[in-house]
There are 2 protein chains.
Amino acid sequence: MLNAVGREIPEELGMPYKGEMLQPSGRAAGHLIKAARPHEKKVLSGIKEAIIKSGLKDGMTISFHHHLREGDYLVNMVLAAIDELGIRDLKLAPSSLNNCHEPVIEYIKKGVITSIETSGLRGSLAREVSGGILKKPVIIRSHGGRPRAIESGELHIDVAFIGAPCADTYGNLNGVDGPSAFGAMGYAMVDARHADCVIAITDNLKKYPIQPISIPATLVDYVVCVDSIGNPEGIMSGATRFTRSPRELLIAELASRVIINSGVFEDGFSMQMGSGGATLAVIRYLSNAMKKRNIKASYGLGGITGPYVQLLEEGLVERFLDVQCFDLRAVESLKNDRNHIEIDASYYANPFNKGCAVNNLDVVILSALEVDTDFNVNVITGSDGTIMGASGGHSDAAYGARLTIITTPLMRGRLPIVVDRVQTVITPGSSIDVVVTERGIAVNPKNKGMEERLKDAGLPICSIEELKHRAEKITGKPDPVQFGDRIVGIVEYRDGSIIDVIRNVID
Amino acid sequence: MLNAVGREIPEELGMPYKGEMLQPSGRAAGHLIKAARPHEKKVLSGIKEAIIKSGLKDGMTISFHHHLREGDYLVNMVLAAIDELGIRDLKLAPSSLNNCHEPVIEYIKKGVITSIETSGLRGSLAREVSGGILKKPVIIRSHGGRPRAIESGELHIDVAFIGAPCADTYGNLNGVDGPSAFGAMGYAMVDARHADCVIAITDNLKKYPIQPISIPATLVDYVVCVDSIGNPEGIMSGATRFTRSPRELLIAELASRVIINSGVFEDGFSMQMGSGGATLAVIRYLSNAMKKRNIKASYGLGGITGPYVQLLEEGLVERFLDVQCFDLRAVESLKNDRNHIEIDASYYANPFNKGCAVNNLDVVILSALEVDTDFNVNVITGSDGTIMGASGGHSDAAYGARLTIITTPLMRGRLPIVVDRVQTVITPGSSIDVVVTERGIAVNPKNKGMEERLKDAGLPICSIEELKHRAEKITGKPDPVQFGDRIVGIVEYRDGSIIDVIRNVID
């Protein structure tokens with residue numbers, strides 16, 4: 001059966017993507033009700049004791065969050081302890097996985113981990129999963145889809161492990177203090193609310209109560225203190241610098257001109273900006289235009305970076321809603337500036353609550369590994385067909401924003417980025433308004449009037465087919481990737497329907 | 001059947017109080033899952049439109065919160081609209097009710113309200129309920145018992161009405177900005193998480209997103225703007241001044257000497273103080289002792305008052321955990337001081353979560369309408385047997401604290417306060433350590449060693465029977481109140497078991 005973006009979804013996998021957002025029904029899964037006696041102690045001797053007390057057993061589901069990014073010690077540390085305790089057949093359900101999680105491969109081989117649900121996978125772990133190391137397909141969810149799945153009970157977490165840069169002895173947690181400070185705890189906040197058992201792991205134990213409290217003690221069962229929860233250099237790996245690449249600067253300039261001339265660039269507009277070099281350059285161009293026209297943004301959303309923070313400090317943006325910080329300047333801002341507000345992943349992007357933050361976006365700038373002539377975007381699989389990225393908030397922000405802009409070079413290496421058909425659809429073309437490349441800008445025909453507006457502004461508009469043609473003229477048509485028949489990944493759309501599957505790559 | 005405090009609880013009413021805290025099992029009731037489309041509007045034209053959109057129907061349950069205290073306009077305003085819409089047979093389930101809610105009597109007579117669940121009732125409404133105006137008994141819950149009941153599903157809220165001193169157009173709410181600022185929104189936060197429909201009513205509508213966010217837009221269905229949600233004078237009716245009564249000052253001095261000599265008065269101790277005149281005097285005595293001995297408290301809990309705030313400002317208390325502010329100085333402090341932390345009622349006192357704040361209390365000072373020779377405390381019914389107070393956080397804090405002190409005059413008017421048997425048990429004697437009156441201090445024999453310590457400190461210790469004797473010597477033994485056979489109130493203990501019932505008073 002073909003779903004609404006023309007992908008064949010085997011019936012037994014679940015509801016195929018319909019093109020329209022599904023409507024939810026019923027009630028959320030209730031959390032396990034527990035009681036704590038007065039003056040009980042929650043601090044345990046170590047991770048193993050906490051795992052034993054949690055009641056973790058074969059076949060259960062464990063969760064982590066990826067705010068420590070490439071510096072994360074937690075996943076490997078906890079899996080080592082679980083392995084030593086002889087627990088097997090676990091589902092690993094972190095908010096995302098990074099290159100530093102290569103050791104997970106060994107735990108898969110040992111049978112400790114037998115399935116994975118995540119926003120993304122990188123490095124050798126991603127390659128192994130693409131090759132079929134797991135018996136069950138990995139489930140890929142967006143940052144809004146994950147809280148939806150957790151709240152509905154689709155993803156039930158037995159034990160959540162939360163890395164806490166600051167924890168007190170009773171389990172209040174925050175991410176802004178201590179040697180491993182990473183800032184907003186947005187993804188972990190959802191796990192804490194719903195997991196049967198919550199184990200906080202910290203390298204900065206304080207007396208009760210700390211401030212601020214991002215995750216309250218009422219949700220935390222145990223606290224464990226370790227030497228370090230993360231490598232500060234890796235934690236801040238999301239940090240990026242302004243690009244000096246002429247191509248990226250050109251894309252950024254074009255993208256900012258698209259925003260300025262789109263019709264949504266007016267006082268009080270809202271925006272989400274990512275962390276790529278081109279996006280940071282967009283921020284710079286845009287802030288100049290805002291000053292010139294005396295326009296202020298009502299709020300900025302998304303993973304927050306230092307250059308983005310500067311807009312807040314200059315009063316060009318009134319508030320930040322922050323689910324994840326990408327650098328130390330963002331962490332400091334979250335800690336000290338009341339207009340920089342920490343939010344959880346459900347607040348950020350869950351389509352099934354009473355109103356998430358992406359719903360009010362005017363503009364979002366997103367990247368792409370591939371875009372196709374139906375404007376579908378791939379941010380998960382590389383040109384060789386293997387998993388190498390993450391769904392992230394891509395489809396969430398794209399759905400919510402009035403104006404969704406994809407910025408991408410037309411080619412990478414000798415490969416075209418605008419293609420007939422993306423390897424994997426993360427975000428359906430119906431959510432995309434404009435694709436900006438260094439060699440032309442394509443407007444989705446569904447966005448009536450936008451093409452004229454941008455043409456009138458002198459922007460180099462062409463059709464998406466023309467972009468594809470321009471790319472292929474230089475790169476040629478690459479040989480198609482040879483996929484096998486095995487499904488190694490299922491891509492859930494944010495509403496839980498299946499927008500695509502990822503098949504194994506044949507070497 | 002007699003429960004653990006010797007009260008006869010008819011079997012059909014539910015589980016009688018066992019003396020030991022019940023242990024919970026199972027899962028919380030899940031919230032209703034809804035979806036919001038991007039750029040949808042939540043602001044409606046008025047309360048009636050919101051009620052209609054909420055789907056409120058005969059037989060449902062509506063909730064309110066009592067942070068606006070004697071200034072609250074919401075209950076009366078909403079009930080008027082409901083009445084006009086012809087909706088009947090509702091359960092009214094606010095966190096508490098005050099004198100200003102006298103109009104509820106009319107809505108009971110009209111059949112709009114047919115049952116009530118609350119922490120307390122005052123004034124003529126309380127007298128009518130005591131007289132039997134409701135067919136079903138009112139259910140009295142503590143501030144910790146209410147979130148327990150809501151989370152478990154025992155109290156299911158169909159529509160929650162939340163008075164918001166500051167709301168944005170998408171339903172983010174806070175209590176610290178605007179003409180009706182009342183401070184912490186602790187009770188309403190629980191309703192917002194669990195009610196099927198949440199209607200925010202504000203007199204201070206702002207654009208999205210406000211800061212701080214106490215209740216997030218993800219939980220709010222509709223926003224209604226009205227001229228005023230409360231009378232500022234009434235809102236701050238919790239505010240009190242230092243007492244000049246020699247009797248209250250004496251009680252306060254004795255109470256502070258009890259704390260100082262109790263063994264828990266050491267650096268890092270924690271405390272909950274109420275808002276009565278005597279308690280404010282305790283704060284003053286205690287702060288002098290803290291300065292003298294260089295002792296600092298780790299946190300202060302409970303409804304927060306200006307004199308209490310002074311301790312935070314002077315650095316004598318490191319943090320406040322605030323579920324409810326009692327005066328403007330507390331509101332200002334919550335707004336501006338990061339060490340003044342807003343908490344919800346579940347965090348404050350729910351016995352069935354992973355660790356509420358009362359669990360870490362060292363000292364609490366509580367008041368009493370009556371204490372009996374088993375140390376049971378009544379704070380709900382007056383000397384004439386009618387309802388006139390509220391359960392509040394009394395039994396919650398008393399259970400959690402290492403040292404629970406009751407301060408009370410030995411007599412009020414010509415009536416003894418220490419008696420053989422309190423009219424109504426709110427807090428079982430097992431939670432009480434010391435009763436301080438102006439004519440002697442009684443220590444609960446269960447607290448071994450405390451009596452000796454306080455005697456050694458030169459405090460005027462006697463038995464609780466002796467206190468009763470001293471009172472009766474002056475007042476005589478009052479005639480017993482004549483109760484009827486009808487049960488007009490059920491007092492739930494914080495774990496949901498029934499600690500007492502209130503019978504109708506025969507005039």
Side-chain angles (χ1 to χ4, degrees), chain A residues 21-40 42 151-153 170-171 198 207-213 216-221 268 270 298-299 319 321 338-339 341 343-344 346-347 350-361 399-402 495, chain B residues 21-40 42 151-153 170-171 198 207-213 216-221 268 270 298-299 319 321 338-339 341 343-344 346-347 350-361 399-402 495:
Chain A
M21 186 78 73
L22 297 176
Q23 282 306 299
S25 61
R27 295 190 170 274
H31 65 264
L32 198 61
I33 299 180
K34 295 187 178 180
R37 302 208 151 263
H39 310 289
E40 258 177 351
K42 289 189 182 181
E151 291 183 5
S152 72
Y170 210 50
V198 175
K207 69 178 186 195
Y208 179 90
I210 54 166
Q211 74 80 3
I213 296 173
T218 48
L219 302 178
V220 175
D221 292 83
S270 61
S298 55
Y299 72 98
R319 313 250 194 272
L321 299 174
R338 283 180 182 265
N339 289 317
I341 302 164
I343 59 171
D344 66 62
S346 183
Y347 190 105
N350 180 356
F352 290 178
N353 63 32
K354 292 172 180 176
C356 60
V358 296
N359 280 357
N360 287 326
L361 274 177
Y399 185 85
R402 289 182 205 276
D495 64 3
Chain B
M21 186 75 74
L22 297 176
Q23 282 305 297
S25 62
R27 294 191 170 273
H31 65 264
L32 197 61
I33 298 179
K34 295 188 178 179
R37 301 212 151 262
H39 310 289
E40 259 177 351
K42 289 189 182 180
E151 291 184 4
S152 72
Y170 210 51
V198 175
K207 69 178 187 195
Y208 179 89
I210 54 166
Q211 73 83 3
I213 297 172
T218 48
L219 302 178
V220 175
D221 292 82
S270 61
S298 56
Y299 73 97
R319 313 248 193 276
L321 299 174
R338 283 178 182 269
N339 290 316
I341 303 164
I343 60 171
D344 65 63
S346 183
Y347 190 104
N350 179 356
F352 290 176
N353 64 31
K354 292 171 179 177
C356 61
V358 297
N359 279 357
N360 287 326
L361 275 178
Y399 185 86
R402 289 182 205 277
D495 63 2

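Chain A is the first sequence line, chain B the second, and so forth, proteins listed ahead of strands; every chain is numbered from 1.
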Checklist entry - Taking every heavy-atom pair that is under 4.5 Å apart, which of N339(B), I210(B), N350(B) has the most such pairs with chain A? => result I210(B)

Checklist outcome for this item: Of D495(A), D344(A), V358(A), L361(A), the largest count of non-hydrogen pairs under 4.5 angstrom with chain B goes to L361(A)

Checklist outcome for this item: When every non-hydrogen atom of G400(A) is compared with those of P38(B), the smallest separation belongs to O-CB, 3.7 Å

Checklist entry - Do K354(B) side-chain atoms and P216(A) backbone N/O form a donor-acceptor pair below 3.5 Å? => result no

Item to check | Max heavy-atom pair count under 4.5 Å with chain A, selected residue of G171(B), C356(B), P209(B) | outcome: P209(B)

Checklist entry - Is it the backbone or the side chain of P351(B) that comes under 4.5 Å from a heavy atom of chain A, or both, or neither? => result backbone

Checklist entry - Counting heavy-atom pairs under 4.5 Å to chain B, which of Q211(A), H39(A), R402(A) comes out on top? => result H39(A)

Item to check | Contact class of A357(B) relative to chain A, heavy atoms under 4.5 angstrom | outcome: both

Checklist entry - At a heavy-atom separation under 4.5 Å, does Y170(B) approach chain A through its side chain, its backbone, both, or neither? => result side chain

Item to check | Most contacts with chain B, counted as non-hydrogen pairs under 4.5 angstrom, among M21(A), Q23(A), E40(A) | outcome: Q23(A)

In residues 26-34 of chain A, what donor-acceptor pairs under 3.5 Å come from side-chain atoms, sequence neighbours left out?
unit_1	atom_1	unit_2	atom_2	d
R27(A)	NH1	G30(B)	O	3.1
R27(A)	NH1	D196(B)	OD1	3.1
R27(A)	NH2	D196(B)	OD1	2.9
R27(A)	NH2	D196(B)	OD2	2.9
K34(A)	NZ	D196(A)	O	2.9
K34(A)	NZ	D221(A)	OD2	2.7

Item to check | Residue part contacting chain A, namely of S152(B), when any heavy atom lies under 4.5 Å | outcome: both

Checklist entry - What pair of heavy atoms forms the shortest contact from A35(A) to F352(B), and how long is it? => result CB-CD2, 3.9 Å

Next on the checklist: Heavy-atom cut-off 4.5 Å, strictly under: side chain, backbone, both or neither for V198(B) against chain A?
Outcome noted: both

Checklist entry - Hey, which of P212(A), G268(A), A217(A) has the most heavy atom pairs under 4.5 Å with chain B? => result A217(A)

Next on the checklist: With a 4.5 Å cut-off on side-chain heavy atoms, are R37(B) and Y399(A) touching?
Outcome noted: yes

Item to check | Contact check, side chains of I341(A) and I213(B), non-hydrogen atoms, under 4.5 Å | outcome: yes

Checklist entry - What pairs with R319(B) under salt bridge (Lys or Arg N to Asp or Glu O under 4.0 Å), at least two apart in sequence or on another chain? => result none

Checklist entry - Measuring from Y208(A):OH to L321(B):CG, what's the distance to the nearest 0.5 Å? => result 5.0 Å

